[in-house]
Amino acid sequence: MEAPYIMTPGPTEVRDNVRFARSERCTNPDLDIQFYDFYKETCEDIAKFLNTKNQVRILSGEGILGLEAACASLTEEGDRVLVIDNGIYGEGFADFVKLYDGEVVFFKGNRKREIDVDELKKFLDKDSNFKYATVVHCDTPSGMLNNISKICPMLKEKGILTVVDSVSAMGGEKLEVDNWNIDIVVGGSQKCISAPPGLTIISISQEAFEAMKDRKKPIKSFYCNLLIWENYYEEKWFPYTPPISDIVGLKAAVDNILKDKDILKRHREIGKSVRIAVKEAGLNLYNENGYSNTVTAIEVPEGIDESKLRKYMVDNFNVLIAGSFGYLQGRVVRIGHMGENAKKDMVSYTLYSLQKSLENFQFYCHCDMANCFLKNVESFK
Ligand SMILES: *Cc1c(COP(=O)(O)O)cnc(C)c1O
């Protein structure tokens, strides 16, 4: 099967050196002691771009595993958990909390706007009796970036542990785990990190580990139990056989990120330039603020069937972009300009093919989107 260009907000394009690394000959990752060092080194490299001294673990499962594992490991029956919600993933955390018998309290924001930090502060001044709070860094279905640099320290000031879903932001947006007081942050291999899907990346503070140890009852899961990963290195024991080829590939992807000194700047410039091109074209961005630099949600013009538009793009230009789901189904299309997709050649071709495809459905842009994008984006390779 020949894949189209996947300009989606994950999975993203995978660089050749990552694909080749995945084909290396494997050792036995449980019994070959060298692999424990390789795993640890990979975690430590990830910690560098998370800006943290906290422990990092790589779990065998897509990003959802990390979200569930955080909730499974922290939640005990009756624990009050604050679920900060201004999007589909934000709301989705509630399902995991309930699965593990926690009591969900929502803080609901406007779904077109980033979480209002002042409103949240007012809310917390009235009620801050929560074991932990969940918040999404970038809520991908709407391309909503929340200001976790303000939100997490505020929660911690109230003694609330912080759990952040940064699956579609980690590696593409600034993330300062220690400075921002994030107890648990979850990422995935297939978004900005640009390795194939299959791995969760999770950093866990000592305080979060302590909360897991202080539980009255044991964690009601094995696969989602973060505590069993605490001392894997000292004990030379993994809870289950690690997917070695996935991790070797991830290491190559992480090395790519660490070598790429301009990576965040590039994401910012590309994100901003896409938004300018979209607006000048006479299209509407879905959000009113809180624009993500990793994914842009564009409203589908009246009368155009989003799935037909996307099919036309694949059939005629070999570019795959995304629709959305939940309440956004059929209303927006999304371009993922994260990780390996955050390249001006790919993004400009995507905008060109979107424009041509819109024309096929009788929507005429007010500018040449690719040109407008290229004019704005700073010059880098
Ligand atoms: C991609 C993503 C996940 C993982 O979900 P999948 O739909 O299984 O890929 C979790 N949270 C966010 C914000 C994501 O973008």
Side-chain angles (χ1 to χ4, degrees), residues 11 14-15 17-70 72-73 163-167 170-171 175 177-178 182-206 208-209 212-213 219 221-260 339:
V14 175
R15 205 185 288 183
N17 66 349
V18 175
R19 294 193 295 110
F20 296 155
R22 288 165 56 85
S23 67
E24 276 176 21
R25 203 178 142 249
C26 302
T27 184
N28 179 327
D30 288 313
L31 299 181
D32 185 342
I33 293 302
Q34 294 179 84
F35 186 75
Y36 289 85
D37 285 308
F38 183 84
Y39 180 97
K40 183 163 172 272
E41 197 185 311
T42 308
C43 293
E44 286 166 356
D45 283 347
I46 292 167
K48 288 179 193 159
F49 65 82
L50 304 189
N51 296 294
T52 186
K53 296 197 175 65
N54 287 346
Q55 295 287 315
V56 172
R57 297 291 181 270
I58 303 156
L59 309 185
S60 171
E62 197 276 336
I64 294 290
L65 171 66
L67 306 180
E68 181 168 351
S73 300
V163 174
V164 173
D165 173 351
S166 184
V167 175
M170 182 185 285
L175 182 53
V177 169
D178 289 355
I182 305 173
D183 289 293
I184 294 185
V185 66
V186 178
S189 52
Q190 83 279 27
K191 304 272 167 101
C192 313
I193 293 169
S194 289
L199 298 174
T200 290
I201 289 143
I202 186 161
S203 92
I204 309 156
S205 71
Q206 202 49 44
F209 274 129
M212 294 172 210
K213 289 180 207 166
I219 294 167
S221 174
F222 184 81
Y223 222 65
C224 288
N225 184 340
L226 294 175
L227 205 48
I228 54 176
W229 285 89
E230 193 187 13
N231 300 314
Y232 79 94
Y233 186 75
E234 294 73 17
E235 294 166 1
K236 298 289 181 282
W237 179 80
F238 287 117
Y240 44 84
T241 305
I244 176 168
S245 300
D246 289 349
I247 294 171
V248 171
L250 180 71
K251 176 77 163 71
V254 167
D255 288 346
N256 287 344
I257 291 175
L258 291 176
K259 278 188 201 139
D260 189 348

Heavy atoms of I58 and W229 approach each other most closely as O-CH2, 4.0 Å
K53 meets the side chain to side chain donor-acceptor pair (under 3.5 Å) criterion, sequence neighbours left out, with none
Item to complete: Compare all side-chain heavy atoms of I257 with those of I193 and state whether any distance is below 4.5 angstrom.
Response: yes
For the residue pair P29 and T241, establish whether any side-chain heavy-atom pair is separated by less than 4.5 Å. yes
One should read off an interatomic distance between T42 OG1 and I247 CD1, to the nearest 0.5 angstrom, of 7.5 Å
For V167 and G188, the nearest pair of non-hydrogen atoms, with its separation, is CG1-N, 3.9 Å
Side chain to side chain donor-acceptor pair (under 3.5 Å) filter on D45, not counting sequence neighbours, yields K48, K251
Is there a side-chain contact between M170 and K191 (heavy atoms, below 4.5 Å)?
no
dist L50:CG -> I182:CD1 (nearest 0.5 Å) comes out at 8.5 Å
In short, salt bridge (Lys or Arg N to Asp or Glu O under 4.0 Å) pairs touching residues 22-39 with sequence neighbours left out are R22-D246
Could you check V186 against I201 for side-chain contact (heavy atoms from CB on, under 4.5 Å), going step by step and ending with a plain yes or no?
CA-CA 6 Å; V186 178; I201 289 143; over 6 Å; no
On a heavy-atom basis, the closest approach of A253 and S194 is CB-O, 4.2 Å
Using side-chain heavy atoms (C-beta onward) and a distance below 4.5 Å, is L226 in contact with I202?
yes
In short, F35 meets I244 closest at the heavy-atom pair CE1-CG1, 3.7 Å
Contacts of D260 meeting salt bridge (Lys or Arg N to Asp or Glu O under 4.0 Å) (sequence neighbours excluded), chain-then-number -> R266
Could you tell me whether the side chain of R15 reaches within less than 4.5 Å of the side chain of R19, counting heavy atoms only? no
Quick check: Y36 with W237 (ring centres under 6.0 Å apart)?
no
- Item | Aromatic centroids of Y39 and Y232 separated by under 6.0 Å | yes
Between the CG atom in L175 and the CZ atom in F49, the distance rounded to the nearest 0.5 Å is 8.5 Å
Inset, instruction - Report yes if the side chains of S60 and Y223 come closer than 4.5 Å at any heavy-atom pair, otherwise no. - result: yes
(request) Go through Q190 and L199 one step at a time and tell me if the side-chain contact (heavy atoms from CB on, under 4.5 Å) criterion holds. (result) CA-CA 8 Å; Q190 83 279 27; L199 298 174; over 6 Å; no
Distance col, row L59:CG vs T200:OG1, nearest 0.5 angstrom, shows 5.5 Å
So CD of E41 and CG of D255: to nearest 0.5 Å the spacing works out to 8.0 Å
Sorted by chain and number, sequence neighbours left out, side chain to side chain contact (heavy atoms under 4.5 Å, CB included) with C224 holds for L65, E68, A69, A72, Y100, S221
Residues pairing under salt bridge (Lys or Arg N to Asp or Glu O under 4.0 Å) where one sits in residues 225-241, two or more places apart or in two chains, turn out to be K213-E230
**Prompt:** Between S245 and C26, is any pair of side-chain heavy atoms under 4.5 Å apart?
**Reply:** yes
In this structure, OG of S73 is separated from CD1 of I228 (nearest 0.5 Å) by 8.5 Å
* Asked: Is it true that the side chains of N54 and S203 contain a donor and an acceptor less than 3.5 Å apart?
  -> no
Closest heavy-atom pair, V185 versus S166, reported as atoms and distance to 0.1 Å, is CG2-CB, 3.6 Å
Check your understanding: Are V177 and N51 close enough that some pair of their side-chain heavy atoms sits under 4.5 Å apart?
Key -> no
On a heavy-atom basis, the closest approach of G249 and V18 is O-CG1, 3.4 Å
